[in-house]
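Remarks on the structure that follows.
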Number of protein chains: 2
Amino acid sequence: MSCEELFRKTLKQHGLRMTHQREAVLKAMHASHEPVTVETIYERAARDCNVLDLSTVYRTLDLFQQFGLVSVVNAQGINYYEHVGLDEPHVHLLCSQCGKIFSVPLAEAQPLLDGFAARHHFTVDPTELTFQGICQGCREKDSTAG
Amino acid sequence: MSCEELFRKTLKQHGLRMTHQREAVLKAMHASHEPVTVETIYERAARDCNVLDLSTVYRTLDLFQQFGLVSVVNAQGINYYEHVGLDEPHVHLLCSQCGKIFSVPLAEAQPLLDGFAARHHFTVDPTELTFQGICQGCREKDSTAG
DNA sequence: CTTGCTGCAAATTCTTTGCACTCAC
DNA sequence: GTGAGTGCAAAGAATTTGCAGCAAG
């Protein structure tokens with residue numbers, strides 16, 4: 001089942017409707033394989049949709065979250081939205097300098113998360129997991145510059 | 001050297017001044033051994049300070065950050081400020097249900113961070129590290145409730 | 001037709017900024 | 001005294017909300 005079919009079905013089950021706007025936002029999320037800002041989603045979706053308001057994008061993303069289609073990453077006060085379920089489970093590496101977000105397999109972090117569960121009885125939600133730091137490119141630039 | 005002495009010294013070095021307000025905010029941060037919101041800091045500091053404005057708290061926290069006295073944790077769009085340097089280096093476990101923040105030694109996460117450096121050439125900033133999930137208390141409540 | 005959804009504009013929330021006055025040094 | 005720091009009020013930025021008209025089913 002395609003993502004759109006799945007979404008239509010889920011909407012129906014909840015007595016909700018498919019609209020041009022929702023379709024456009026969904027398509028925009030599909031086209032983005034990395035986490036994107038509301039602004040970006042709005043711009044991309046607006047191309048497919050003769051009329052579209054930012055508030056509609058917020059409302060739609062909210063809906064997507066409820067249905068588990070989209071997850072939010074908050075980094076430095078900015079919300080990034082990401083389409084989930086397309087790729088394998090992963091965590092994020094956010095470069096606090098250039099803002100790029102890299103994905104690495106969740107499996108790498110799993111031992112640590114299991115450790116947290118065992119030692120601290122804390123169950124980490126892996127969809128919300130982001131590590132901030134400096135990527136290779138920016139680190140090289142830094143050492144060159146000063 | 002006490003934290004306040006250190007702060008006074010650092011201020012002096014930069015040609016800056018110690019004020020009632022800064023003292024009150026510093027004291028409020030001291031009193032909080034867990035990450036707190038600006039609002040909380042403001043309330044606590046205001047008790048020690050006949051006049052205090054929220055904007056001053058923001059400005060002071062900004063200063064503290066520059067001096068490395070305070071670090072910021074952003075969780076679910078809300079900024080939490082935490083006094084650093086008092087305890088050993090640590091990472092945060094944020095319960096997304098009750099909002100409590102737990103600290104665990106950085107050492108537990110170090111192997112993973114080293115792995116990221118080795119495999120992805122990405123240097124994680126451990127002061128910004130927060131894992132969201134569900135704490136034991138809330139999990140038990142959930143399973144009881146249904 | 002029914003009522004969920006939308007655009008619009010206004011409201012909220014969190015944070016920052018400009019400015020004249022004040023106070024630490 | 002001097003200029004860094006403050007309170008105040010207003011500006012910004014990001015997000016939410018109320019409402020009347022529109023459109024999906």
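This one's a predicted model, so the numbers in the text were calculated from it and none came from an experiment. Each chain gets a letter, A, B and so on, in the order its sequence line appears, and its residues count up from 1.
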Let me know the distance between [atom1] of [X] and [atom2] of [N], rounded to the nearest Å.
{"X": "B/D62", "N": "D/dA4", "atom1": "CG", "atom2": "C1'", "value": "16 Å"}
{"X": "B/N50", "N": "C/dC23", "atom1": "CG", "atom2": "C1'", "value": "13 Å"}
{"X": "A/E23", "N": "C/dC5", "atom1": "CD", "atom2": "C1'", "value": "14 Å"}
{"X": "A/L63", "N": "C/dC5", "atom1": "CG", "atom2": "P", "value": "7 Å"}
{"X": "A/L52", "N": "D/dC22", "atom1": "CG", "atom2": "C1'", "value": "15 Å"}
{"X": "A/F7", "N": "C/dC5", "atom1": "CZ", "atom2": "C1'", "value": "12 Å"}
{"X": "A/L54", "N": "D/dA14", "atom1": "CG", "atom2": "P", "value": "10 Å"}
{"X": "A/L16", "N": "D/dA23", "atom1": "CG", "atom2": "P", "value": "19 Å"}

Between A/L11 and B/Y81, whichever has its closest DNA chain C nucleotide further toward 5' is A/L11

Considering only side-chain heavy atoms of [X], which listed nucleotide, [options], is closest?
{"X": "B/N79", "options": "D/dT2, C/dT15, D/dA24", "result": "C/dT15"}
{"X": "A/S55", "options": "C/dT17, C/dA9, D/dG3", "result": "C/dA9"}
{"X": "A/Y58", "options": "D/dT16, D/dG5, C/dC5", "result": "D/dT16"}
{"X": "A/T56", "options": "D/dA4, D/dA24, C/dT6", "result": "C/dT6"}
{"X": "B/D53", "options": "D/dA24, D/dC8, C/dC8", "result": "D/dC8"}
{"X": "A/V38", "options": "C/dT16, C/dT3, D/dT15", "result": "D/dT15"}

Check: Is A/I78 touching bases, backbone alone, or none of the nucleic acid, heavy atoms closer than 4.0 Å?
Finding: nothing

Is the distance from OP1 or OP2 of [N] to the nearest side-chain N or O of [X] less than 4.0 Å?
{"X": "B/T19", "N": "D/dT6", "result": "yes"}
{"X": "A/Q21", "N": "C/dG7", "result": "yes"}
{"X": "A/H14", "N": "C/dG4", "result": "no"}

Across all chains, not counting sequence neighbours, the salt bridge (charged side-chain N to carboxylate O under 4.0 Å, His left out) partners of B/D48 are B/K27

Item to complete: Kindly say whether A/A24 contributes a backbone atom to a donor-acceptor pair with the side chain of A/R44 at under 3.5 angstrom?
Response: no

Does any N or O in the side chain of B/T40 come within less than 3.5 Å of the main-chain N or O of B/V36, such that one atom is a donor and the other an acceptor? no

Here the gap from B/L106 atom CG to B/H92 atom NE2, rounded to the nearest 0.5 Å, amounts to 11.0 Å

Classify the side chain of A/R22 and the base of C/dG4 as holding, or not holding, a donor-acceptor pair under 3.5 Å. no

(Q) Should the side chain of B/R59 and the base of D/dT6 be counted as holding a donor-acceptor pair, with the cut-off at 3.5 Å? (A) no

Assess the residue pair A/L52 and A/V57 against the criterion (side-chain contact (heavy atoms from CB on, under 4.5 Å)); give the C-alpha distance rounded to whole Å, side-chain angles, the decisive distance to 0.1 Å, and a yes or no.
CA-CA 8 Å; A/L52 180 62; A/V57 177; 4.0 Å; yes

- Task: Compute whether any side-chain donor of one residue and acceptor of the other, for B/E108 and B/H90, lie under 3.5 angstrom apart.
- Result: no

